[in-house]
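Inspection log for the structure reproduced underneath, given as structure tokens.
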Amino acid sequence: MRLAIAGGTGLIGTMVAEIAEAAGHQVVVLARSRGIDLVKEDGAAEALDGVAAVVDVTNVTTLSAKRSTTFFSTVTTNLLAAERAAGVHHHVALSIVGVDRAPYGYYAGKRAQERLVEASPVPWTILRATQFHEMAVIAYESARLGPLHLAPRMRTRPAAAREVAQHLVDLVGAVPGGGVVEFAGPREESLAEMIRAYAQTTGSLSWIPSVSLPGALGRAQRDGTLLPSADAVLGRQTYADWVDQLGR
């Protein structure tokens with residue numbers, strides 16, 4: 001199958017490309033570094049010639065609901081229009097568990113993306129995944145206040161990024177479900193404890209106090225709103241296993 005990956009040079013996109021190629025798919029990467037700008041609608045239609053399915057793992061780094069919504073609405077609108085013109089048979093979008101229950105901040109953009117996909121005539125499937133194990137690294141490096149590394153309080157069921165990528169490729173080969181599938185890690189974790197475990201593994205001696213983030217999204221992080229349903233597909237790699245691999 002000729003398969004296009006929107007955002008194929010990022011963390012998850014790179015893994016999707018590797019897994020898809022290993023499975024025998026012909027992969028087309030849609031990314032600005034490959035001359036295809038989905039924000040400006042530049043080059044996508046030509047790149048999708050002969051493509052049967054698209055996996056959308058595009059991303060933007062922001063906590064702003066406005067910026068996130070603008071980005072995902074623009075990219076998704078342009079991508080779906082190019083898919084319709086090219087006759088793409090299946091659109092698989094990566095989203096996040098809980099965006100329908102807590103459409104705040106960055107999640108607002110992901111929910112806007114979902115709505116556009118749901119309304120599209122292109123057959124679709126949405127995979128909502130929980131946070132990746134790598135979220136602890138991102139939080140450790142970005143949530144700093146002077147010598148402190150702040151650890152947001154959050155209940156999560158983190159998943160291995162590569163297992164999420166594998167599930168996206170598996171969905172490509174299935175009949176478009178026109179629905180939402182959830183994917184989560186094997187056990188619930190505390191994000192604060194995940195950050196501390198990562199810091200210990202890397203030899204950090206920093207003080208890492210727990211903090212409650214403000215607003216509706218902060219409450220959703222703490223009260224379990226962002227945890228998966230009982231019907232979620234569960235991965236195998238635990239966060240402890242992932243951290244152990246880092247330390248080797």
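In this text, all values refer to a predicted model and were calculated from it rather than measured experimentally.
Residues satisfying the ring pair (Phe, Tyr, Trp, His ring centres under 6.0 Å) criterion with H149, sequence neighbours excluded, are Y140.
Note on V28 and V169: separate hydrophobic clusters, where clusters join Ile, Leu, Val, Met, Phe, Trp and Tyr whose side-chain heavy atoms are under 4.5 Å apart, directly or indirectly. By the rule that hydrophobic residues join a cluster once side-chain heavy atoms approach within less than 4.5 Å of another member, I12 and V29 end up as members of one cluster.
Distance check: M15 CE to F132 CZ gives 8.0 Å after rounding to the nearest 0.5 Å. Rounded to the nearest 0.5 angstrom, L79 CG and L48 CG are separated by 6.5 Å. The structure places CG of N78 at 4.0 Å from CD of E41, a figure rounded to the nearest 0.5 Å. One finds the CH2 atom of W124 at 9.5 Å from the NE2 atom of H90 (value rounded to the nearest 0.5 Å). For the atom pair CZ of R222 and CG of L213, the computed distance is 7.0 Å after rounding to the nearest 0.5 Å. A distance of 12.0 Å separates OH in Y239 from CG in D244, rounded to the nearest 0.5 Å.
Judged by distance alone, the side chain of S204 and the main-chain N or O of S206 form a donor-acceptor pair under 3.5 Å. Put simply, the side chain of K110 never gets that close to the backbone of S68: no donor and acceptor are under 3.5 Å apart. Side chain of T202 to main chain of A199: a donor-acceptor pair is present (N/O by atom type, distance under 3.5 Å, no hydrogens or angles).
The closest side-chain donor-acceptor pair between S229 and D231, if any, does not fall under 3.5 angstrom. With hydrogens and angles left out, the side-chain atoms of T156 and Q131 include a donor and acceptor closer than 3.5 Å.
Atom CG of D223 is surrounded by more than 12 heavy atoms from other residues, nucleotides or ligands within 6.0 Å. In the displayed structure, Q200 atom CD is contacted under 6.0 Å by at most 12 heavy atoms of other residues, nucleotides or ligands. Within 6.0 Å of the CG atom in L63, the count of heavy atoms belonging to other residues, nucleotides or ligands does not exceed 12. Within a 6.0 Å radius of CZ in R32, no more than 12 heavy atoms belonging to other residues, nucleotides or ligands are found.
When all heavy atoms of V88 and A53 are compared, the closest pair comes out as CG1-CA, 3.9 Å. Counting all heavy atoms, side chain and backbone alike, G185 lies closest to T130 at N-OG1, 3.7 Å. Across all non-hydrogen atoms, the minimal contact from L226 to V97 is O-CG1, 3.4 Å. Scanning all heavy atoms of the two residues, the minimum distance from T62 to R67 falls at OG1-CD, 3.6 Å. A136 and L191 get closest at one heavy-atom pair: CA-CD1, 4.4 Å. The minimum heavy-atom distance between V55 and V16, with the atom names listed, is CG1-CG1, 4.4 Å.
Side-chain contact between F183 and L234 is absent, with no heavy-atom pair separated by less than 4.5 Å. Side chains of L116 and T77 form a contact here, defined as non-hydrogen atoms less than 4.5 Å apart. Between Y107 and L217, the closest side-chain pair of non-hydrogen atoms falls below 4.5 Å. Annotation: side chain of Y106 is in contact with side chain of N59 (closest heavy-atom distance under 4.5 Å).
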Show the numbers, then the answer: is there a salt bridge (Lys or Arg N to Asp or Glu O under 4.0 Å) between R157 and E189? CA-CA 6 Å; R157 195 156 181 165; E189 306 280 358; over 6 Å; no
For the pair Q245 and D241, evaluate side-chain hydrogen bond (donor to acceptor under 3.5 Å, both in side chains) and give the outcome as yes or no after the intermediate values. CA-CA 6 Å; Q245 287 184 358; D241 291 338; over 6 Å; no
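Under 4.0 Å is where a charged nitrogen must lie from a carboxylate oxygen, and between E163 and R236 no such pair does. We find that R196 and E193 are joined by a salt bridge, their nearest charged nitrogen and carboxylate oxygen being less than 4.0 Å apart.
Checking each of Q113, E114, R111 against S95 for a side chain to side chain donor-acceptor pair (under 3.5 Å) leaves exactly one that passes, namely E114.
Pairs of residues two or more places apart, or lying in two chains, that qualify as salt bridge (Lys or Arg N to Asp or Glu O under 4.0 Å) and include a residue from residues 87-101 are D100-R128.
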